[in-house]
Amino acid sequence: MSRFVRPSKYRHVYGTAARREFSYDNVKVSGNAWDTNLIKVNPKFFSLNWNSSGGGAFAVIPLSMTGKISDALPLYRGHSAAVLDTDFSPFNDHLIASGAEDSKVFIYTIPEELGEEDIEPVVRLTTHGRKVGQVLFNPVAENVLLSASADLTMKLWDVEKGAEKQEITGHLEVIQSVAWNYNGTLVATTCRDKKLRVFDVRSNKIVMQGDSHSGVKGSRVLWMGNSDRLATTGFSKMSDRQVNIWDATNLEKPLRSNNLDTSSGVIMPFYDGDSNMLYLAGKGDGNIRYYEYENDELYTLSEFGSNVPQRGLGFMPKRGLNVNECEIARAYKVSNGFVEPISFTVPRKSDSFQADLFPDCIGDEAALTADAWFGGETSNPKLISLEKGFTATTKKEFVASVAAQAAETIVTAPKSDKDYQEAYHKLRQENEDLKNQIAQKDVKIRLLEVQLEQLSAA
């Protein structure tokens, strides 16, 4: 990593935390130990894993609702165990997915106005065998969702139809992070077995695989914009925190490997493909480092400093930024009971639109339908200009198909003693089915381990 800052239009980028009255206080942040960013952001809302009793829940809070959050805030319920991850649809700001410890994936629509009642899911996706740790919408195709579970599988869903379209296998231990590439055809993953993998998820094939960070703690991966480069964060054998740059077509060894420090918190990476800037935020740290990427090198720019440790972090999509003030990124930092926006700005004297800072960015219109994408079509994301600013579209109606609605009616709450008995026997049968699935997976894992031992011995 370079020790000096070369000439760059981003060399003077600085971060500014919002004043307390423009932050979000009195939030009940989940205390679950699962490695997650806790928060996701879009131009209208942010979602936050919530600490609630009586099953799992998360909150969706309008960005305009600054100050102290009411204790009576309606929550998004339905899960019977802690929510582990959420993700907004990139093409519908009022659609969100969640994954939880109860092995289920739920889809919710967000109302225009906050009411007093908790919100229930409109689609329930229930074929995973163990907890669902990651959910991530496809960046190109509408209503296509990826979920990753501790049952060692990933699944592709058409959420509008409520249908599982593909199961992806190949992991030998728990999946730690997932990331789509720019055109939504490949998925990179990190795993507890210390492997970095690239999948063609539509055909359930491992395109590339290699050894990642050698440390035992959590590892993360992301794609570096519209390129074949990957960035991973993790730990060395000596517990040094690292950031590595990889060629996705050859994972034998990283192109660059940089040791950062010896702190213990997992590093959350975020990449802005428009500015080629990489942001690194460690859990338990107060600072956010940022670098400029060029020609397989990371050049240190600066860092945002704070004495308040962060538990999670989420970044606003580019279309939601204030281009008039040369805001090139905005992070939402989660600490205990508090969410704080942090704006990253390039100082410019001119009030005119800075085209060099804001090239056309990914918009909120899908390039493909789910059927076209599952049929094998490929497209880059549709881009928009921010010269006149971005105006969020009106709420798009999400209408689940008849099949998805029928599946939803199956899980409605029982209303009589007979219904309770039927629900009880159904749950017992589901429990037995899950046990059988786990037993089959265990056998499959043992067979794979034997095959690996034979290959390594050869």
Side-chain angles (χ1 to χ4, degrees), residues 34-42 45-49 58 60 83-93 95-100 103-108 123 125 127-128 131-160 164-168 170-171 174-191 196-202 204 218-225 230-233 248 268-271 273 312-317 362 364 366-368 370 373-374 381 398:
W34 181 256
D35 180 22
T36 175
N37 291 354
L38 292 172
I39 188 171
K40 290 290 179 68
V41 187
N42 75 15
F45 310 96
F46 71 84
S47 65
L48 186 67
N49 297 0
F58 65 96
V60 176
V83 172
L84 302 180
D85 195 25
T86 59
D87 193 39
F88 289 103
S89 167
F91 312 117
N92 184 347
D93 289 338
L95 188 68
I96 189 168
S98 64
S103 79
K104 295 176 175 59
V105 177
F106 289 166
I107 309 298
Y108 301 80
V123 178
L125 310 170
T127 61
H128 274 299
K131 64 184 177 184
V132 178
Q134 295 88 17
V135 288
L136 197 62
F137 277 99
N138 186 282
V140 169
E142 191 160 28
N143 296 325
V144 174
L145 181 72
L146 175 79
S147 61
S149 168
D151 64 9
L152 311 186
T153 68
M154 299 186 293
K155 293 181 186 288
L156 290 174
W157 309 89
D158 182 337
V159 300
E160 185 179 20
E164 178 189 329
K165 306 293 283 188
Q166 179 70 278
E167 181 179 82
I168 301 103
H171 292 96
V174 174
I175 302 162
Q176 294 179 323
S177 72
V178 298
W180 288 101
N181 70 340
Y182 183 75
N183 64 4
T185 56
L186 302 174
V187 168
T189 70
T190 57
C191 180
L196 174 62
R197 297 177 175 88
V198 176
F199 288 84
D200 181 341
V201 287
R202 286 184 288 193
N204 188 19
S219 179
R220 301 286 189 92
V221 63
L222 50 75
W223 289 86
M224 304 189 77
L230 297 166
T232 61
T233 59
M268 301 173 284
F270 302 89
Y271 188 74
L313 200 72
F315 271 72
M316 172 71 73
I362 297 173
D364 63 346
L368 295 172
W373 188 82
F374 283 114
F398 173 80

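Along the sequence shown, the residues carry numbers beginning at 1.
- Not counting sequence neighbours, the partners of Y108 by the ring-ring contact (aromatic ring centres under 6.0 Å, His included) test are F58, Y76.
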Going by atom type alone, with no hydrogens or angles, which donor-acceptor pairs under 3.5 Å involve a side-chain atom of residues 135-149 and a protein atom two or more places apart or on another chain?
from	atom 1	to	atom 2	distance (Å)
N138	OD1	V140	N	2.8
N138	OD1	A141	N	2.9
N138	ND2	G184	O	3.1
S147	OG	H128	NE2	2.7
S147	OG	W157	NE1	2.8
S149	OG	R130	O	3.0
S149	OG	K131	O	3.0
S149	OG	D151	N	3.0
S149	OG	D151	OD1	3.1

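- Among residues two or more places apart in sequence or in another chain, the side chain to side chain donor-acceptor pair (under 3.5 Å) test is passed with S219 by none.
- For the pair V105 and V132, the tightest heavy-atom approach, listed with the atom from each and the gap, is CG2-CG1, 3.9 Å.
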Would V201 and W180 count as a side-chain contact (heavy atoms from CB on, under 4.5 Å) if you check the C-alpha gap in whole Å, the side-chain angles of each, and the deciding distance to 0.1 Å? CA-CA 10 Å; V201 287; W180 288 101; 3.8 Å; yes

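- Under the ring-ring contact (aromatic ring centres under 6.0 Å, His included) criterion, W223 pairs with no residue at all, not counting sequence neighbours.
- With sequence neighbours left out, K165 forms a side chain to side chain contact (heavy atoms under 4.5 Å, CB included) with D158, A163, F374.
- Taking CZ of F45 as the reference point, atom CG of D93 lies at 7.5 Å (rounded to 0.5 Å).
- Between the CE atom in M224 and the OH atom in Y271 there is a gap of 4.5 Å [rounded to 0.5 Å].
- When every heavy atom of S47 is checked against every heavy atom of T86, the shortest pair comes out as OG-OG1, 2.8 Å.
- Taking T233 as the reference, nothing meets the side chain to side chain donor-acceptor pair (under 3.5 Å) condition, with sequence neighbours excluded.
- To the nearest 0.5 Å, atoms CE (M154) and OG1 (T189) are separated by 5.5 Å.
- K104 is linked by a salt bridge (charged side-chain N to carboxylate O under 4.0 Å, His left out) to nothing, counting only residues two or more places apart in sequence or in another chain.
- Considering only residues two or more places apart in sequence or on other chains, F270 meets the ring-ring contact (aromatic ring centres under 6.0 Å, His included) condition with F315.
- The side chain to side chain donor-acceptor pair (under 3.5 Å) test applied to E167 returns K155, not counting sequence neighbours.
- Across every non-hydrogen atom of F88 and K40, the tightest pair is CE1-O, 3.3 Å.
- Legend: residues meeting side chain to side chain donor-acceptor pair (under 3.5 Å) with N204, ordered by chain and number and at least two apart, are absent.
- In this structure, CZ on F91 lies 8.5 Å from CG on D364, to the nearest 0.5 angstrom.
- Distance alone, capped at 3.5 Å, places no donor-acceptor pair between the Q176 side chain and the T190 backbone.
- Side chain of S177 to backbone of V221: a donor-acceptor contact under 3.5 angstrom is found.
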Might you work through the side-chain contact (heavy atoms from CB on, under 4.5 Å) test for D200 and L186, ending with a clear yes or no? CA-CA 5 Å; D200 181 341; L186 302 174; 4.2 Å; yes

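- The salt bridge (charged side-chain N to carboxylate O under 4.0 Å, His left out) check on R197 picks up D193, with sequence neighbours excluded.
- To the nearest 0.5 angstrom, M268 atom CE is 6.5 Å from R220 atom CZ.
- A donor-acceptor contact shorter than 3.5 Å is absent between the side chain of T36 and the backbone of D85.
- Going from atom CG of L222 over to atom CG of L230 covers 8.0 Å, rounded to the nearest 0.5 Å.
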Set out, in order, the CA-CA distance, both residues' side-chain angles and the distance that settles side-chain contact (heavy atoms from CB on, under 4.5 Å) for Y182 and I362, then state yes or no. CA-CA 10 Å; Y182 183 75; I362 297 173; 4.1 Å; yes

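- By the side chain to side chain contact (heavy atoms under 4.5 Å, CB included) test, N92 pairs with S89, H94, L95, K396, F398, sequence neighbours left out.
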Using side-chain contact (heavy atoms from CB on, under 4.5 Å), reason through L125 and E164 one step at a time and then give a plain yes or no. CA-CA 8 Å; L125 310 170; E164 178 189 329; over 6 Å; no

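- Closest non-hydrogen pair, V83 versus S98, comes out as CG1-CB, 4.3 Å.
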